[in-house]
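Source: prediction; values computed, not measured. Both ligands and their constituent atoms are indexed starting at 1 by order of listing. Atom set for the values below is all heavy atoms of this structure, side chains included, hydrogens, waters and symmetry mates excluded.
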Amino acid sequence: AVIVAHMYQNDDVQAVADMVGDSYALSKYCTNRPENTIVFCGVDFMAESAKILSPEKTVLIPVANAGCAMADMITAEQLIEFKKQYPGYAVAMYINSSAAVKAESDVIVTSSNALKVIRGMEEKNIIFGPDRNLGSFIAKQCPEKNIVLWNGFCPTHHLIKRDDVIKIKETYPKAELLVHPECSPEVTELADYAGSTKGIIDYAAASECEEFIIGTEVGVMYQLKKNNPDKKFYIMSEELICPNMKKTTLESIVSCLEKGEHEISVPQDVAEKAKKALNRMLELGK
Ligand code: 13P
Ligand code: SF4
């Protein structure tokens with residue numbers, strides 16, 4: 001088996017994984033592996049995406065019920081009803097969504113490729129879901145598109161408030177502020193950089209600055225500190241924890257490997273439709 005882990009996983013889980021990455025990097029990596037089994041240390045929608053892209057493989061998730069609160073904010077039925085209000089609109093869906101929602105979408109995006117994918121779409125009128133924050137971050141940069149937003153958000157990233165950002169910037173005046181675009185717009189506009197987890201890690205490594213305030217889930221601190229031992233990182237708040245990401249433990253990985261536990265399955269008709277939208281992302285996001 002190959003073990004992959006999202007950057008929000010516990011430090012010890014990241015340490016044993018064959019590959020650690022953001023949602024986009026992990027979904028691409030899994031398609032190119034020779035192993036027949038993928039152990040996906042992350043949340044449900046990530047493991048589901050790996051299964052949809054590699055249906056011939058066995059995809060296991062170490063813990064059952066590791067969902068994403070934002071993905072749960074939209075169902076396929078709700079999306080079908082919403083589309084009726086906007087005839088002719090294309091649906092661009094954040095990868096943080098269920099397989100059934102992806103199956104009702106035209107293209108999938110991740111935080112690292114959303115701008116490129118949306119700019120590359122021939123359609124001007126677009127429904128974007130479920131994250132209103134990533135959606136408005138992209139819409140601001142694509143004035144040529146007419147983007148309608150679904151009203152979802154990430155409860156973890158929403159913990160970051162503008163006043164707290166202003167305070168911490170006063171405490172560390174030399175630090176650059178790096179945030180995930182799932183943060184609210186009033187936070188993102190104060191940032192020196194807003195991007196995916198991998199984008200944040202790459203930015204910190206390339207920057208000449210020596211101190212950074214980090215506005216995303218605490219899990220990224222592990223890679224940031226490991227890759228940049230001479231730089232200083234301050235997390236916006238120790239409460240920036242995604243509870244479902246933290247459910248995976250080393251014990252759950254061992255149990256999953258020994259017993260083949262928690263196999264991901266996606267109904268074939270749903271998987272086929274969702275795969276079209278995911279493949280369009282891989283094509284436009286190249
Ligand atoms: P990335 O696309 O940066 O991996 O983020 C996924 C996610 O769930 C952030 O909350
Ligand atoms: Fe979902 Fe937020 Fe957790 Fe990311 S951090 S997996 S968006 S709940």
### Message
Treating Asp192 as the side-chain partner and Leu177 as the backbone partner, does any N or O pair qualify as donor plus acceptor under 3.5 Å?
### Response
yes
For ligand 1, what N or O to protein N or O distances fall under 3.5 Å?
residue: ligand 1; atom: 2 (O); partner: Ser23; partner atom: OG; Å: 2.8
residue: ligand 1; atom: 2 (O); partner: Ser111; partner atom: OG; Å: 2.8
residue: ligand 1; atom: 3 (O); partner: Ser111; partner atom: OG; Å: 3.0
residue: ligand 1; atom: 3 (O); partner: His180; partner atom: NE2; Å: 3.0
residue: ligand 1; atom: 3 (O); partner: Thr197; partner atom: N; Å: 3.0
residue: ligand 1; atom: 3 (O); partner: Thr197; partner atom: OG1; Å: 2.9
residue: ligand 1; atom: 4 (O); partner: His6; partner atom: NE2; Å: 2.6
residue: ligand 1; atom: 4 (O); partner: Ser23; partner atom: N; Å: 2.8
residue: ligand 1; atom: 4 (O); partner: Ser23; partner atom: OG; Å: 2.9
residue: ligand 1; atom: 4 (O); partner: Thr197; partner atom: OG1; Å: 3.3
residue: ligand 1; atom: 5 (O); partner: His180; partner atom: NE2; Å: 3.3
residue: ligand 1; atom: 8 (O); partner: Asn96; partner atom: ND2; Å: 3.0
residue: ligand 1; atom: 10 (O); partner: Glu182; partner atom: OE1; Å: 2.8
residue: ligand 1; atom: 10 (O); partner: Glu182; partner atom: OE2; Å: 3.1

### Query
To the nearest 0.5 Å, what is the distance between OH (Tyr29) and CD1 (Ile38)?
9.5 Å
### Side chain Lys145, main chain Ile138, donor-acceptor under 3.5 Å
no
### Task
Compute whether any side-chain donor of one residue and acceptor of the other, for Asn133 and Ser184, lie under 3.5 angstrom apart.
no
### Task
Show your reasoning for whether ring-ring contact (aromatic ring centres under 6.0 Å, His included) applies to Trp150 and Phe128.
CA-CA 6 Å; Trp150 186 263; Phe128 186 96; over 10 Å; no
### Task
Please answer whether the main-chain N or O of Gly219 pairs with a side-chain N or O of Gln14 as donor and acceptor at a distance below 3.5 Å.
yes
### Query
Hey, are His180 and Thr197 close enough side-chain-wise for a donor-acceptor pair under 3.5 Å?
no
### Query
Does the side-chain hydrogen bond (donor to acceptor under 3.5 Å, both in side chains) test come out yes or no for Glu176 and Tyr203, once each step is laid out?
CA-CA 10 Å; Glu176 287 190 314; Tyr203 183 97; 3.1 Å; yes
### Task
List nothing but the number: protein N/O/S atoms under 2.8 Å from atom 3 (Fe) of ligand 2.
1
### Query
Taking it one step at a time, do Thr248 and Gln9 satisfy side-chain hydrogen bond (donor to acceptor under 3.5 Å, both in side chains)?
CA-CA 7 Å; Thr248 319; Gln9 292 284 294; 2.9 Å; yes
